[in-house]
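As structure tokens, the structure follows; a few thoughts come after it.
Chain A is the first sequence line, chain B the second, and so forth, proteins listed ahead of strands; every chain is numbered from 1.
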Amino acid sequence: MYEGIVQDLIDELGRLPGIGPKSAQRIAFHILQTESFDVTKLAETLLAVRDKVKFCEICGNVSEQDRCSICRDPRRNQSLICVVEEAKDVVAIERTREFRGLYHVLGGAISPIDGIGPDDLRIRQLMQRLADGTVEEVIIATDPNLEGEATATYLSRLLKTLEIKVSRLASGLPVGGDLEYADEVTLGRAFEGRRVVVG
Amino acid sequence: MPVYRDEAVVLRTHKLGEADRIVTMLSRRHGKIRAVAKGVRRTASKFGSRLEPFMVADVQLYEGRSLDVIQQAETLGAYGADIAADYASYTAANAMVETADRLTEAEGSLQQFLLLVGALRSLARREHAPGLTLDSYLLRSLSIAGWAPSFGQCSRCGAPGPHGRVVVQLGGVVCDDCAPAGTAQLDASTLGLLGALLAGDWPSAEASDDRTRAKASGIVSAYLQWHLERGLRSLTHVSREVPPAS
């Protein structure tokens with residue numbers, strides 16, 4: 001235990017996800033001992049991020065304005081919506097530069113064991129977005145794990161009532177992996193989603 | 001015994017650090033195991049989907065100081081994908097694994113393991129309506145845990161049945177003499193369904209109508225919540241609709 005404010009700093013850092021007591025102590029001493037470390041800038045950024053950043057009123061992505069830069073961009077394909085679990089997934093898909101449509105962030109996946117049901121996600125807002133008939137295709141890009149698949153199942157069933165094309169991101173073998181290490185479900189999916197090369 | 005091997009069904013997972021997960025499993029021989037699966041969240045992980053909830057796997061682990069570490073996993077029963085493809089089955093399976101997690105808090109048992117694996121397999125194969133499979137599992141897992149309900153003789157004085165009043169606090173049906181004042185009478189078809197679910201009499205259970213199933217589910221939920229003391233989070237999300245036949 002350290003005295004007073006140093007221990008307070010270690011305790012506060014230790015509350016952040018992924019930072020244990022040892023890491024918190026190391027960061028605290030880096031802040032204390034490194035003269036070039038700009039504490040004011042870090043403190044100002046932390047305050048600013050809490051004050052200025054909010055969730056886009058349309059898609060739920062993080063934004064400094066009421067609408068995020070993607071929803072404000074008129075060059076994006078307005079007839080295409082990609083449904084993701086978290087704002088982090090938007091960044092991952094944007095990095096591919098393959099998708100030029102809009103997004104809808106659900107805010108998680110259906111996980112009854114964690115007490116998260118459909119009403120806890122932004123599914124109602126998605127249905128409202130689809131009501132005006134502008135959107136022609138919804139791409140479900142939830143995580144390829146059990147909760148993500150179950151959420152995709154739920155959404156597909158819900159969207160079946162609307163006359164909109166619904167697609168799901170392909171899943172299969174990862175690039176750079178060895179076939180022999182692929183599990184049965186992944187390999188099965190790769191066979192299901194195989195593509196014709198010749199003929 | 002630094003390294004050991006067992007068959008286990010995955011109950012739930014929690015994210016840990018950058019790409020790891022803590023996996024809670026109910027095993028055949030070692031009871032409930034909490035272990036770390038390193039790098040499992042990376043797309044190129046060697047574990048792939050083998051350590052997703054509802055999967056049954058042959059796992060090799062080594063003992064850690066607080067948590068064990070999973071070294072290898074081979075699939076024995078890949079039920080997760082089939083269960084997730086039907087929302088009612090998914091919600092039912094969640095309630096099952098949460099119940100198994102709670103009932104094996106102190107120690108696991110081979111019977112609980114086999115019952116859970118059988119119930120998940122049945123859900124994945126769409127053998128029965130998910131709601132019936134769930135209610136049957138709940139009654140039978142409580143019985144294995146030592147809280148077997150009685151739907152025949154009076155659960156208080158043992159007077160032979162049939163009796164029509166159910167008091168979950170007393171362990172099932174009670175005779176008119178033992179029933180507290182104001183206990184409602186339950187119809188014979190609901191009591192018949194509850195008995196069939198407990199005994200695994202599927203032809204009788206499947207012959208029941210939706211109204212009877214809803215009443216029986218209410219009794220099963222109340223009985224479960226009474227014995228577990230704390231409510232199940234997943235039970236409120238269970239979808240009771242009937243899936244299309246496979």
Side-chain angles (χ1 to χ4, degrees), chain A residues 16-20 22-23 85-86 88-89 92 108-121 123 140 142-158 160 168-190 192, chain B residues 10-21 24 40-55 57 72-99 101 231-239 241 243:
Chain A
L16 297 171
I19 298 183
K22 283 282 180 197
S23 301
E85 289 183 18
E86 306 283 351
K88 291 177 285 187
D89 302 329
I110 298 172
S111 178
I113 202 163
D114 297 312
I116 303 169
D119 295 341
D120 301 305
L121 305 177
I123 293 175
I140 302 175
T142 49
D143 288 347
N145 55 27
L146 190 87
E147 291 84 5
E149 291 297 334
T151 308
T153 302
Y154 183 85
L155 285 176
S156 319
R157 196 183 59 171
L158 212 59
K160 204 159 48 175
R168 175 93 172 101
L169 282 194
S171 65
L173 297 170
V175 176
D178 284 6
L179 192 81
E180 63 171 308
Y181 290 115
D183 66 285
E184 295 75 2
V185 177
T186 307
L187 203 50
R189 291 270 174 83
E192 270 177 34
Chain B
V10 179
L11 302 180
R12 61 190 306 175
T13 62
H14 295 97
K15 286 181 181 176
L16 177 71
E18 190 107 328
D20 306 342
R21 274 201 185 113
T24 307
V40 72
R41 281 155 61 204
R42 295 189 205 281
T43 49
S45 164
K46 63 179 178 179
F47 294 120
S49 69
R50 293 183 184 107
L51 297 173
E52 290 277 290
F54 319 143
M55 298 292 270
Q72 290 177 34
E74 283 296 321
T75 306
L76 296 175
Y79 307 130
D82 289 330
I83 289 173
D86 174 61
Y87 188 67
S89 300
Y90 173 68
T91 55
N94 266 274
M96 285 180 189
V97 293
E98 192 179 358
T99 304
D101 193 13
L232 285 187
R233 288 209 277 191
S234 51
L235 212 54
T236 52
H237 297 286
V238 169
S239 168
E241 64 185 48

Do you know which of B/T43, B/T75, B/V238, B/V97 has the most heavy-atom pairs under 4.5 Å to chain A? B/T75
Which residue out of B/P53, B/G17, B/S45, B/A73 racks up the most heavy-atom pairs below 4.5 Å with chain A? B/P53
Answer with side chain, backbone, both or neither: which region of [X] has an atom nearer than 4.5 Å to a non-hydrogen atom of chain B?
X: A/P112; value: both
X: A/I110; value: both
X: A/A182; value: backbone

Counting distance only, does the side-chain N/O of B/Y90 pair as donor-acceptor with the main-chain N or O of A/T153 below 3.5 Å?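 Pair absent, no side-chain N/O of B/Y90 close to backbone of A/T153.
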side-chain hydrogen bond (donor to acceptor under 3.5 Å, both in side chains) filter on A/N145, not counting sequence neighbours, yields none
For A/D183, which residues count as a side-chain hydrogen bond (donor to acceptor under 3.5 Å, both in side chains) partner, sequence neighbours excluded?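 Counting only residues at least two positions away or on another chain, A/D183 forms a side-chain hydrogen bond (donor to acceptor under 3.5 Å, both in side chains) with A/T186, B/S49.
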Check each atom of [X] against the heavy atoms of chain A and say whether the ones under 4.5 Å are side chain, backbone, both or neither.
X: B/F47; result: backbone
X: B/E52; result: side chain
X: B/L235; result: neither

Work out which heavy atom in B/Y87 is nearest to a heavy atom in A/A150; give both atom names and the distance.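 Nearest pair, atom of B/Y87 first, then A/A150: CD1-O, 4.3 Å.
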[atom1] of [X] to [atom2] of [Y]: how many Å apart, nearest 0.5 Å?
X: B/H237; Y: A/I116; atom1: NE2; atom2: CD1; value: 8.0 Å
X: B/R233; Y: A/I113; atom1: CZ; atom2: CD1; value: 8.5 Å
X: A/E149; Y: B/I83; atom1: CD; atom2: CD1; value: 13.0 Å

Who among A/G20, A/P17, A/G115 has the most heavy-atom pairs with chain B under 4.5 Å?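 Counting heavy-atom pairs under 4.5 Å, the top option is A/G115.
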Candidate pair A/D114 and B/R12, rule side-chain contact (heavy atoms from CB on, under 4.5 Å), full reasoning: CA-CA 10 Å; A/D114 297 312; B/R12 61 190 306 175; 3.1 Å; yes
